[in-house]
Each structure stands twice: as structure tokens, then as C-alpha cells.
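Take a look at the structure below.
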Amino acid sequence: MAGFMGRLKDRLSKTRGNLVGNVKKIVTGRSIDDAMFDDLEETLIASDMGVETTLSIVDELRDRVKSDKLKNAEDLYGALKDALRKRLAEGDHTINWTSNNGPHITLIAGVNGSGKTTTTGKLAAKLAGENRKVLLGAADTFRAAAVEQLMIWSDRAKVDIIKHGEGADPASVAFDATDAALARNVDNLLIDTAGRLHTKVNLMEELKKIQRVVQKRHPGAPHEVLLVLDATTGQNGLVQARQFTEALHVTGIILTKLDGTAKGGMAFAIQQQLGISIKYIGVGEGIDDLQPFDPDEFVDALFEEA
Amino acid sequence: MFESLSQKLDSAFKSIRGQGRLTEKNMKDGLQEIRMALLEADVNYKVVKKFMAEVLEAAEGQKVLESIHPGQQIVKIVHDELIKLMGEKNEPLRMADKAPTIIMMVGLQGQGKTTTSGKLALKLKKSGRKPLLVGADVYRPAAIQQLEVVAKQAGVESFSLGTNANPVDICLMARGEAQMRGCDVIILDTAGRLHVDDQMMNEVRQIATQVNPTEILFVANAMTGQDAVSSAKQFNDVLPLTGVVLTQMDGDARGGAAISLIEVTGCPVKFVGTGEKLEALDAFHPNRMADQILGMGDVVSLVEKAQEVVDQEEAIKFQKKARKGEMNLEDFLKQMQQVKKMGNMADLMSKIPGMSKMMPADAMDQAEDEIKYVEAMIYSMTPLERKKPRIINGSRRKRIAAGSGTSVQQVNGLIKEFDKMKKMMKKMMRGGKGGKRMRGMAGPPPGLGR
């Protein structure tokens with residue numbers, strides 16, 4: 001875990017520099033007044049937390065000032081940390097990868113370019129590394145060379161893959177993959193689906209069909225439906241999470257591309273407003289760059305002294 | 001596209017409208033709403049701050065105006081400021097005086113660079129150029145295969161050296177390759193990279209320095225949040241960016257990133273990606289975009305599109321018939337096909353102000369399905385039946401239903417609706433005296449004379 005902390009801290013260093021730097025600057029040597037709260041509000045907005053979540057946090061801090069009779073702004077630092085931690089602590093951020101009835105099946109969905117195929121590859125490697133028998137289902141039959149991309153990942157992770165040709169019906173790929181998972185008695189099946197905008201009704205129907213087909217072939221499946229979300233996404237991330245949840249039984253979120261300067265404020269907004277938890281975070285392009293999401297460590301890393 | 005922001009501004013100004021006159025105080029409230037709306041639309045907070053200051057300054061000078069609709073006055077000010085910020089007009093693609101023109105695509109991972117490269121190649125091919133697509137992304141698995149497939153779909157040449165080659169070498173060799181194949185435009189599809197990855201940024205800088213592209217386009221997703229500013233700034237610092245391409249504009253993102261990107265890079269948005277198909281790449285029109293942001297709808301482009309596809313003579317013929325009440329199912333079918341030529345219904349409706357609020361997207365899709373059924377039913381009729389719908393009796397209805405894969409009820413419904421519409425149109429055409437013309441689906445298309 002120390003290695004993970006170090007890595008996450010390292011990856012988040014730029015984020016931390018920004019958020020903490022700003023918060024420190026805002027609270028240091030200042031009195032608690034509206035101008036200070038305005039500055040704090042802007043800092044939180046800048047992390048893509050969204051107006052609603054930001055306002056709820058700022059309101060909470062205002063209440064704390066009254067109830068705890070806080071005098072100087074520096075005391076707010078701890079209160080802010082509490083408020084952020086509390087918002088993430090509400091969720092369950094773990095995944096039970098074991099099914100007590102046949103293969104454990106996971107559906108991976110999301111908008112175009114969020115990093116579904118890469119995430120699927122990393123997950124396969126992670127699960128295979130735990131001595132599980134893993135199978136991949138290449139149900140992105142739309143994007144050019146998506147199947148080839150997943151095949152390369154199946155090589156890297158040394159796991160099998162079920163695929164049809166480009167343009168094949170993705171639901172039939174999902175069916176065959178589920179079939180094969182049962183026949184080969186694998187531990188985990190990961191089904192990669194094509195990226196789609198949540199506004200395309202027919203494509204969302206296609207996704208529902210994939211879920212139905214898997215469910216029909218293997219009752220109780222899919223055990224997990226993971227929505228892959230790009231951390232650089234703004235407020236549309238919430239809309240995406242909401243729409244995908246309406247179409248599918250989304251069980252969690254994987255927040256990708258946290259190795260840039262995007263601050264992932266989305267995690268707070270989605271947890272608070274939709275009650276969906278982040279399960280993993282993507283922090284790079286390498287096969288090991290997928291880490292379990294730990295809310296306390298996440299907040300700690302945000303506030304860690306440089 | 002920008003519907004959510006439009007809705008926000010609508011409600012912000014509604015509160016102003018109710019108060020009759022523009023006072024400094026109620027304008028302030030409205031502007032605060034705009035500020036929140038812009039923030040929720042993902043416009044960077046620093047950009048919002050600057051923008052709001054400009055709006056306030058512009059508005060304050062006008063506050064003495066005896067305005068009847070203070071809301072509209074502010075809308076106009078915000079609208080003008082938005083246009084000012086986004087550039088006055090659409091900037092076309094730069095072409096080199098001497099071939100080849102080199103267009104370099106850069107950006108973060110997953111923004112749609114490869115797809116956009118293919119779309120751009122198709123667009124250039126259609127305008128008579130001969131583009132060469134160059135696969136310089138040696139890192140992402142199967143990125144080069146993806147580019148090759150896209151090139152094949154677009155029917156253009158492609159070139160790469162596999163994943164073991166150095167991207168700088170690939171780009172350098174592309175020039176000779178283009179010359180050999182007689183290509184006059186080179187599109188370099190570079191790998192997605194993080195702006196904080198010094199090594200990768202250095203690579204892309206090297207490509208730009210050695211290849212000296214005519215255009216360096218920063219490809220960014222319209223859904224990007226506050227961080228758009230930091231990534232765009234870094235790319236702009238390392239590379240002489242010349243333009244921005246906004247992708248995934250067909251979603252429901254409020255697209256405030258567009259404003260942030262323009263502000264930070266000082267580059268115009270040259271194209272917007274509006275769908276998964278290779279044809280879905282449109283020019284960016286700041287004026288129309290500002291209209292859209294403020295909920296005025298994209299009426300201009302709708303009218304242009306209508307004029308492009310509607311056969312004017314046909315339309316006049318149809319109007320004459322409609323006025324006399326002589327319209328038949330054949331005419332009805334023709335009209336419907338004209339409308340269909342204008343494109344996807346949902347896309348079309350979203351351009352009409354207020355329409356997207358009234359009709360959700362799935363209702364639009366249903367409407368589209370319904371048109372398909374209607375078409376199938378009319379196709380299953382004999383020419384005589386189409387001309388004289390009244391001869392369609394019970395057994396004919398059964399046959400038509402069987403032939404079109406619909407039910408007798410649906411056929412009944414179509415004939416009933418058609419009769420109703422015919423009567424209504426006759427009434428409207430006569431009574432309206434050119435003043436009120438029907439502008440529904442089956443009516444004369446907008447923008448056409450009486």
C-alpha cells in the first residue's frame with residue numbers, strides 16, 4: 001500500500017499543488033468573511049466539483065464557523081478536509097470479484113474516448129495476476145480496430161479473448177463470450193463495449209440489449225457494470241453517470257486519466273448527487289496504472305504537504 | 001448542443017423580465033445567474049470572471065436606456081460579448097501556397113484525433129484535394145490499424161512505419177511519400193499525450209519544428225471541464241497552435257470548454273465533430289454558436305440547409321395543389337422525402353428555438369420511426385391508390401398493411417390523418433393570405449416564397 005500511496009501522491013502532486021496551494025493561500029492569515037468564501041468557492045469549482053457540490057461544501061463550512069465558533073480561516077482547513085472525506089466515505093468503493101455461482105461477469109461501458117478498452121486490459125491483467133482465469137469479450141465491434149486494440153491487451157495480460165469481426169452484433173459477441181465463460185468455467189469475464197454518447201437513444205438500447213443477453217444466458221450476471229469516466233470531463237460527467245445508470249444497472253465508476261492536472265472533483269459530485277461510488281482510478285497508460293480507489297487516501301493525497 | 005446552457009439563461013432572464021425595467025440591482029442578479037450557468041457549463045472560472053466583467057462593463061453603459069424588455073437587452077449584450085470572444089466569423093483551414101499542406105493533429109488521449117483525422121481527410125478529398133493520412137501514434141495499441149481502417153473508409157491514402165518507428169521519422173518521411181503518391185495534403189495523426197508528460201511533449205515539439213506544419217490543430221472534447229485551460233495552455237506553450245477542433249458536439253455537454261479554449265489559446269475553433277460517421281465534421285460558426293448558447297436556435301443554418309435540398313419548383317407545385325385541396329399521397333410522400341433529405345430529425349429539431357425543450361430526443365426518434373412506417377405504407381400502395389386515396393377500401397387496406405409490415409389500424413390512421421391534414425392545409429392556404437403559412441412538416445419549407 002505504501003507503494004500505491006507514493007505513486008498516487010506522485011501522480012496527484014500537480015493536483016495537490018494546485019488545490020492545496022490555493023486553499024492554503026486562501027485561508028492563511030485571513031479572517032473569515034464573504035470574500036474568503038468566494039475564493040474558496042472558486043477553488044472548489046476549479047476542481048470540477050460542480051456548482052451544487054461546491055455550494056453544499058461551502059454552506060457546510062459556514063455552518064461549522066458558526067457552530068464551532070471558528071475565528072481564523074486556518075481552522076477551516078481541517079473542516080474542509082472533513083467535509084470532503086465525509087462525502088466520499090458514504091460509498092462502497094470495493095468490488096467483490098468472486099461469484100458463488102459460475103463466472104463473475106463485468107460489463108464495461110462509457111462514452112467515446114474515456115478509456116474503456118485500456119481499462120479493460122488493465123483490469124484483465126490485475127485479475128489474472130491474482131491467479132484468476134480471465135476471459136475478455138470484445139463487444140466494441142463499431143470503432144475501427146477496437147478489437148485489435150483489445151487483442152493486444154489480451155496478449156499483454158495473457159488471457160483469452162472472444163471476438164467476432166468488425167461490424168458484428170455486439171449483443172451476439174456478449175452472448176458468445178458469456179457462453180464461453182460458462183463452458184470454460186472461467187473466474188472472470190470482462191466485456192468491453194463500444195463508446196457511445198448517452199444521448200443516442202438507439203445506442204443506449206443496444207447497451208441494454210447486451211446486458212439483457214448476458215443476464216439471460218447467465219442469470220445473476222452481469223455482476224458488475226462499470227462506467228468508465230474521463231477525469232478531465234466537466235459537469236457532463238454527472239449527466240453521463242445519470243443516463244448510463246438509467247439504462248444499465250451501473251454498480252460503480254472507474255475514473256481515468258487522473259495522471260494529468262484534472263482534479264477529479266467529479267468523484268465528490270457523483271457520490272453526493274447520484275450515490276455511485278468510484279471503484280478504481282486510472283493513473284497512466286501502463287498495465288499497472290489502475291489502482292483501487294481509497295477515499296481517505298484520495299483526500300489525504302490531496303492535502304499532503306509537498 | 002448547448003441546450004442546457006440555453007435553458008439556464010432562459011430562466012435567468014425570466015426573473016428579470018417579470019420586473020419590467022432594468023435596474024442595476026436586478027441586472028446584477030441576472031448576471032450572477034449567468035455566471036453560475038457559465039460555470040456549470042464548464043467555462044473555466046477565470047474565463048468566466050473576465051467575461052462577466054466585460055459583460056457588466058458593456059451593460060452598465062446601457063442601463064440608462066428606457067428598455068421595454070430588459071432581459072432581451074442583457075441577452076443582446078451577452079450575445080455580442082460571446083461573439084467577440086469566439087471570433088467574428090468562421091476561420092477556414094489554411095492551405096500552404098506550395099504543396100504539400102501539412103496538418104498536424106494534437107491533443108490529450110481519447111479526444112478523437114484519429115477519427116477527426118479521417119473526417120478531415122474525407123472533407124478535403126471531397127473538395128478536390130488528395131490527402132495522405134499518416135499514422136504517427138506508435139504507442140496506443142492498434143492506433144495505426146485504426147487509422148488505416150479510417151483511411152480505407154474515407155477512400156484516401158495512408159502511410160505509417162509500424163509501431164517500432166520513431167514518430168518524428170514517420171512524420172518526416174511522410175513528405176516524400178506524399179510527393180511520390182501525388183498527395184497535396186498531409187494529415188499527421190499524433191499520439192494522445194498528457195500536457196504534463198515532458199518527454200512526450202518534447203516529441204511533439206520536435207515533430208512540429210522539423211516538419212513545419214501549415215496547421216496545428218488542438219483536438220479537444222466538448223465535454224472537457226475546468227482543466228481544458230491547463231492542458232490547452234501547455235500545448236499552446238510548446239507548440240504554435242493554429243486552431244481548435246471540438247469533438248463530440250453531438251452529445252448534451254454544455255460545451256463551455258469552447259469558450260475556455262479560445263480564450264487560452266487565442267486560436268479559432270475551425271471544426272466541430274458532430275457524430276460518429278466520417279461525414280460528421282462541420283465548420284464552426286461563432287455567430288450561430290452564440291445564438292445557440294443563448295437559446296435563439298440555429299435558424300440560419302436550418303434555412304440554408306433547407307434551401308440546399310428542397311427542390312423549389314416541386315415546392316411551388318405542392319403549394320398550388322395544397323391550396324386547392326388536390327394534394328394526394330404521392331405528394332405527401334415527396335414532401336416527406338424532402339424533409340428527410342435535410343437530415344436527422346432530432347438534429348433538425350434541435351436547431352429550432354425552443355423545440356428541444358418541447359420534444360425529448362426519444363420522441364424525435366419515434367417521429368423518425370413513424371416516417372419510416374408511413375413511407376412503407378405509401379410504397380405498398382398502387383399508383384392509383386396514391387393518387388386517389390378514397391378508393392382504398394377494406395381489402396386494399398389489408399393488402400397495404402401486409403405489404404408494409406404494419407397493421408390495418410396503422411393504415412387507417414394514416415388515411416385519417418392525411419384527410420385531416422388536407423382539409424387543414426386547404427383552409428390555411430386560403431385563409432392566410434400569405435401572412436400565416438403553415439410551416440409544419442408537410443407544408444412548404446421555411447424560407448420559400450408564397
Side-chain angles (χ1 to χ4, degrees), chain A residues 14 18 41-43 45-52 54-55 111-115 117-118 121 142-153 155-156 166 194-203 230-237 239-240 243 256-257 259-263 265-266 284-285, chain B residues 4 36-37 39-46 48-49 108-112 114-115 118 139-150 152-153 192 194-197 221-231 234 247-248 250-257 275-276 346 361-362 364-366:
Chain A
K14 282 181 168 108
N18 250 315
E41 195 181 295
E42 268 180 2
T43 307
I45 293 258
S47 75
D48 282 321
M49 230 169 252
V51 173
E52 200 180 321
T54 298
L55 291 182
V111 301
N112 318 60
S114 55
T117 306
T118 306
F142 180 79
R143 181 167 59 89
V147 175
E148 283 81 354
Q149 189 181 343
L150 193 65
M151 278 167 66
I152 293 172
W153 279 106
D155 277 350
R156 288 182 184 172
E166 208 174 290
R196 65 201 72 221
L197 284 174
H198 48 287
T199 49
K200 310 267 165 164
V201 178
N202 51 344
L203 294 181
D230 180 338
T232 62
T233 309
Q235 293 312 293
N236 197 245
V239 184
Q240 286 171 31
Q243 301 278 23
T256 61
K257 307 186 198 175
D259 45 335
T261 47
K263 300 174 185 61
M266 190 70 59
E285 288 178 316
Chain B
S4 312
M36 285 308 193
L39 284 175
E40 275 186 42
D42 292 325
V43 183
N44 182 271
Y45 74 99
K46 284 182 192 154
V48 170
K49 211 172 202 175
L108 302 172
Q109 291 96 337
Q111 307 298 302
T114 306
T115 306
Y139 307 101
R140 180 163 63 89
I144 289 174
Q145 280 104 308
Q146 184 184 350
L147 189 81
E148 281 165 359
V149 174
V150 165
K152 210 174 278 170
Q153 285 168 352
L194 277 174
H195 50 292
V196 289
D197 188 332
N221 191 317
M223 305 184 293
T224 310
Q226 297 285 323
D227 199 49
V229 164
S230 15
S231 53
Q234 287 281 338
T247 59
Q248 303 200 345
D250 47 334
D252 59 355
R254 297 169 197 175
E276 291 187 334
D362 47 343
M364 230 84 85
D365 278 342
Q366 266 172 23

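By convention in this document, chain letters (A, B, ...) are assigned in the order of the sequence lines, proteins followed by strands, and residues within each chain are numbered from 1.
The nearest pair of heavy atoms linking B/V150 to A/A144 is CG2-CB, 4.2 Å. The nearest pair of heavy atoms linking A/I152 to B/A142 is CD1-N, 3.5 Å. Counting all heavy atoms, side chain and backbone alike, B/D250 lies closest to A/L197 at OD1-CD1, 3.2 Å. Residues B/E276 and A/R196 come closest through the heavy atom pair OE2-CA, 4.4 Å.
To the nearest 0.5 Å, the span separating CD1 on B/I144 from CD on A/E148 amounts to 13.0 Å. Put simply, CD on A/E285 and CG on B/D197 are 8.0 Å apart, with the number rounded to the nearest 0.5 Å. The line from CD of B/Q226 to CD of A/E42 is 9.5 Å long, rounded to the nearest 0.5 Å. The structure places CG of B/N221 at 6.5 Å from OG1 of A/T233, a figure rounded to the nearest 0.5 Å. Taken to the nearest 0.5 Å, the CZ atom of A/R143 stands 7.5 Å off from the OG1 atom of B/T115. A distance of 7.5 Å separates OG1 of B/T224 from CG of A/D230, quoted to the nearest 0.5 Å.
Neither the backbone nor the side chain of A/V147 comes within contact range of chain B; no heavy atom of the residue lies under 4.5 Å from a heavy atom of that chain. Contact annotation for A/E52: neither backbone nor side-chain heavy atoms come within less than 4.5 Å of a heavy atom of chain B. Of the atoms belonging to B/Q145, heavy atoms from both backbone and side chain fall under 4.5 Å from chain A. Contacts of B/K49 with chain A are made by side-chain atoms alone, with heavy-atom separations under 4.5 Å and no backbone atom involved.
Side-chain contact between B/M223 and A/N112 is absent, with no heavy atoms from C-beta onward closer than 4.5 Å. Residues B/Q109 and A/T256 have side chains not in contact (no heavy-atom distance under 4.5 Å, counting atoms from C-beta outward).
A donor-acceptor pair is defined here as one N or O able to donate and one able to accept, closer than 3.5 Å; no such pair exists between the side chain of B/E40 and the backbone of A/V51.
For chain A, the option among B/S231, B/G110, B/G112, B/P141 with the highest count of heavy-atom pairs below 4.5 Å is B/P141.
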